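To find a chain, count down the sequence lines: A is the first, B the second, and so on, and within it residues start at 1. Basis for what follows: all heavy atoms, side chains included, without hydrogens, waters or symmetry-related copies. Every value quoted in this text rests on a predicted model; they were computed, and no experiment measured them.
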Amino acid sequence: MLKRTHMATEITPQMAGQRVVLNGWVDTRRDHGGLIFVDLRDGSGLVQLVFSPEVNQEAFTTGEQLRGEHVIGASGLVRIRPEDTENPNLKTGLIEVYVDQVEVFNRAQTPPFYIEDNIDVDEMLRMRYRYLDLRRPEMRKNLVLRHQVTQALREFLDERGFLEIETPMLTRSTPEGARDYLVPSRVHPGEFFALPQSPQIFKQILMVAGMEKYFQVARCFRDEDLRADRQPEFTQLDIEMSFIEEEDIFQLVEDMLAHIFKQGMNRDIQTPFRRLTYQEAMRLYGSDRPDLRFGWEIVDLTEIVREVEFKVFSGAIKAGGVVRGLNARTCGSFSRKEIDDLTELALDWGARGLAWINVTTEGLKSPITKFFSDEAMNQILSALKAEPGDLLLFCADQEDVVARVLGNLRLELGRRLHLADEDALELVWITDFPLLEYDEDQKRYVAVHHPFTSPREEDISRLESEPLQVRARAYDLVLNGTELGGGSIRIHRRELQERMFAVLGLTPEEVADKFGFMLEAFEYGTPPHGGIAFGMDRMLMLMAGRESIRDVIAFPKTQRAACPMTAAPSPVADKQLQELGIRLRVKGVPKQ
RNA sequence: GGAGCCGUAGUGUAGUGGUGUAACAUGUCGGCCUGUCAAGCCGAAGAUCGCGGGUUCAAAUCCCGUCGGCUCCGCCA
């Protein structure tokens, strides 16, 4: 075998005259009849090979047979390219290799799509031939970035005394949270393991075990519907520490992200990060993961319009709601149709309508101005800092609806007007989340974060009396409007954890059955502890500048949670089901 | 569970409101060609228009259903 002496892009002009052996794939071939150029691609990049009968007739004859993606070994001398034939687009564009010996390791079928960047093909085809898709430089680059960032994280945490500890993939199903992926147990017929939604309970138990500083690059599984940023299996950087408070987590994470953004992207990010309470974020941006790359803050007008004649506003307030406005700067030029489009969107998001005022140099144009006194209108204009050319948008309803509608309008207009600086990295901590919310479907309280999150000390007394008023010691980290990670200080006393379960409507029997081992562990000397988990795929997607996490995952699944390459999932043999004691209620259909 | 967009040679598209031997680019195959790097020139092959049904004298085109891909809502402690 012609064994490689150099990677393609290691060859430099200084090596002229030297013999090299290269291994790789034929990227493109340009056959001039009497002279053949082949771009050879390996893991490092491209280099041009030259096949000429004057150099070696046999190699030239083989060169004529080469086709795209054939796998070859080539031996030859490095030459400086003749003047005016240099290629500035190639790292190796000053040189070429005159091949005098070539070995075809393997021929290749014509690939179903081009092995190059920026292709526009059906994504299913890319997934079905993922091994070809990953040959494309941009996809390779993403996996390299993923490796580098993961390495940098391990290094960083190791230096600070963290232990990387693996937790089970086969664990037990718990009642709260997402739908579990289940794995039947052969040894215990009729019983199932669940794949972990996160290592949450195990990492807390590790704190009980005195590990004090833990981390894991952990695969997590959730059987919910997919999105561009959601896959059924995904990777979290999971961290937990003992004897710490919120500030310790913030400090660690800010240092850590500064480190990996430098390592992975050569970007400097400013620390400490901004902080907003959940309340502030919802009030100003209508979202608990605000995109702070542009301003456009939402303005509360409730007090100004409480007594106005306009029933849509005053009525909403009487019903316990709020009125807020958004100044869509420069959107005064919007046509009636564009405003109708925005109204349509607002209705989708739950609004009952969208009031608007067009501020022009000739005055206000709007269907609603007639309901306002001059004084009230002036207060509104002043509160929204309205200037000619602006379009003012208003929403009146219950607070959560108003926040959602105006928050989404803000984002939608931000996208349309390209308000966000594409290069900006706006990181912000969101703190003081509510501990609980009421689930109308289940008719009970559910944890906003998870059931192990500690309430704030001063709110604990209200846990049973005013559950919705209790604030959690939870925090999220948001980058450019995407939730990167979240965590909390945990409950570490049995008594409080039991109260929490009770508020969530779990019976003592359920608690004993599902979480008895955890409560028991808490009785054996549990330190105060807390942690955080990051969605690695999302973080890498943002770092790589991609729009889907599928592009930073080697073998992702389609929106229907299937793998086109392996054709998983698939029916299984009756014998396998028998061993597991499983009878199907639906007929397993053989795939094509 | 719901909404939207899409499905035509290997690939990307055009054609779509009734007449086509289904067009273009690129790739593939063959020929020519000694400085290309998206090589060039000449030629050829390649599509039951996702699948099933319906309407019609006639369907890629209209209707119904279905499958698949993507985006979003619900869901994702």
Describe the nucleic acid contact of [X] in one word from base, sugar-phosphate, nothing, applying a heavy-atom distance below 4.0 Å.
X	result
Phe452(A)	nothing
Phe37(A)	base
Phe501(A)	nothing
Val446(A)	nothing
Pro112(A)	sugar-phosphate
Leu125(A)	sugar-phosphate
Ser52(A)	nothing
Val50(A)	nothing

For atom [atom1], what is the distance between [N] and [M], given to the nearest Å?
N	M	atom1	value
A44(B)	A38(B)	P	28 Å
C51(B)	G35(B)	P	48 Å
U8(B)	A22(B)	C1'	9 Å
U19(B)	C62(B)	C1'	15 Å
C6(B)	G15(B)	P	12 Å
A60(B)	U48(B)	P	13 Å
G74(B)	G65(B)	C1'	25 Å
G68(B)	C75(B)	C1'	22 Å

For the pair made of [atom1] in [X] and [atom2] in [N], what is the distance, rounded to whole Å?
X	N	atom1	atom2	answer
Asp122(A)	C5(B)	CG	P	18 Å
Gln197(A)	C75(B)	CD	P	16 Å
Arg128(A)	G69(B)	CZ	P	13 Å
Tyr98(A)	U34(B)	OH	C1'	10 Å
Glu437(A)	C76(B)	CD	C1'	12 Å
Leu49(A)	G35(B)	CG	C1'	15 Å
Ile119(A)	U26(B)	CD1	C1'	14 Å
Phe234(A)	C76(B)	CZ	P	13 Å

Could you check whether [X] pairs with [Y] (Lys NZ or Arg NE/NH1/NH2 to Asp/Glu carboxylate O, under 4.0 Å)?
X	Y	result
Glu246(A)	Arg473(A)	yes
Arg222(A)	Glu233(A)	no
Arg289(A)	Glu483(A)	no
Asp31(A)	Arg29(A)	yes

Could you tell me if [Y] and [X] have a donor-acceptor pair between their side chains, going purely by distance under 3.5 Å?
X	Y	value
His450(A)	Glu176(A)	no
Gln216(A)	Thr167(A)	yes
Gln109(A)	Arg67(A)	no
Arg546(A)	Ser548(A)	no
Gln197(A)	Asp180(A)	yes

Strand partner of [N], provided both Watson-Crick or wobble distances fall under 3.5 Å:
N	result
C62(B)	G54(B)
U34(B)	none
U16(B)	none
U21(B)	none
G4(B)	C70(B)

* Between Arg79(A) and Tyr98(A), is NZ or CZ placed under 6.0 angstrom from the six-membered ring centre and within 45° of the ring axis? -> yes
* Structure fact -> The residue, Ala178(A) or Pro53(A), whose nearest nucleotide of RNA chain B is more 5′ is Pro53(A)
Short heteroatom pairs, N/O only, protein and nucleotides 70-73 of chain B, under 3.5 Å:
residue : atom : partner   : partner atom : Å
C70(B)  : OP1  : Gln559(A) : N            : 3.3
C70(B)  : OP2  : Gln559(A) : N            : 2.8
C70(B)  : O3'  : Arg550(A) : NH2          : 3.1
U71(B)  : OP1  : Arg550(A) : NH1          : 3.2
U71(B)  : OP1  : Arg550(A) : NH2          : 2.8
U71(B)  : OP2  : Arg550(A) : NH1          : 3.4
U71(B)  : O4   : Gln559(A) : OE1          : 3.3
C72(B)  : OP2  : Ala228(A) : N            : 3.3
C73(B)  : OP2  : Arg227(A) : NE           : 3.0

Give me, pair by pair, the N or O atoms of the protein and of nucleotides 37-46 of chain B that are less than 3.5 Å apart, along with how far apart they are.
residue : atom : partner  : partner atom : Å
C37(B)  : O4'  : Arg30(A) : NE           : 3.0
C37(B)  : O2   : Gln48(A) : OE1          : 3.4
C37(B)  : O2   : Asn87(A) : ND2          : 3.0
C37(B)  : N3   : Arg81(A) : NH1          : 2.7
C37(B)  : N4   : Arg81(A) : NH1          : 3.2
C37(B)  : N4   : Thr85(A) : O            : 2.2
A39(B)  : N6   : Asp31(A) : O            : 2.8

* To do: Please state whether the rings of Tyr129(A) and Tyr131(A) are parallel, tilted or perpendicular, taking 30° and 60° as the class boundaries.
  =>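 It falls in the perpendicular class, over 60°.
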* **Nearest listed nucleotide, side chain of Glu224(A), among U11(B), G69(B), C75(B)** => C75(B)
* Can you tell which of U34(B), C75(B), U28(B) lies closest to the side chain of Thr110(A)? -> U28(B)
* **More than 12 heavy atoms of other groups within 6.0 Å of Arg107(A) CZ** =>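 Counting other residues, nucleotides and ligands, CZ of Arg107(A) stays at 12 neighbours or fewer.
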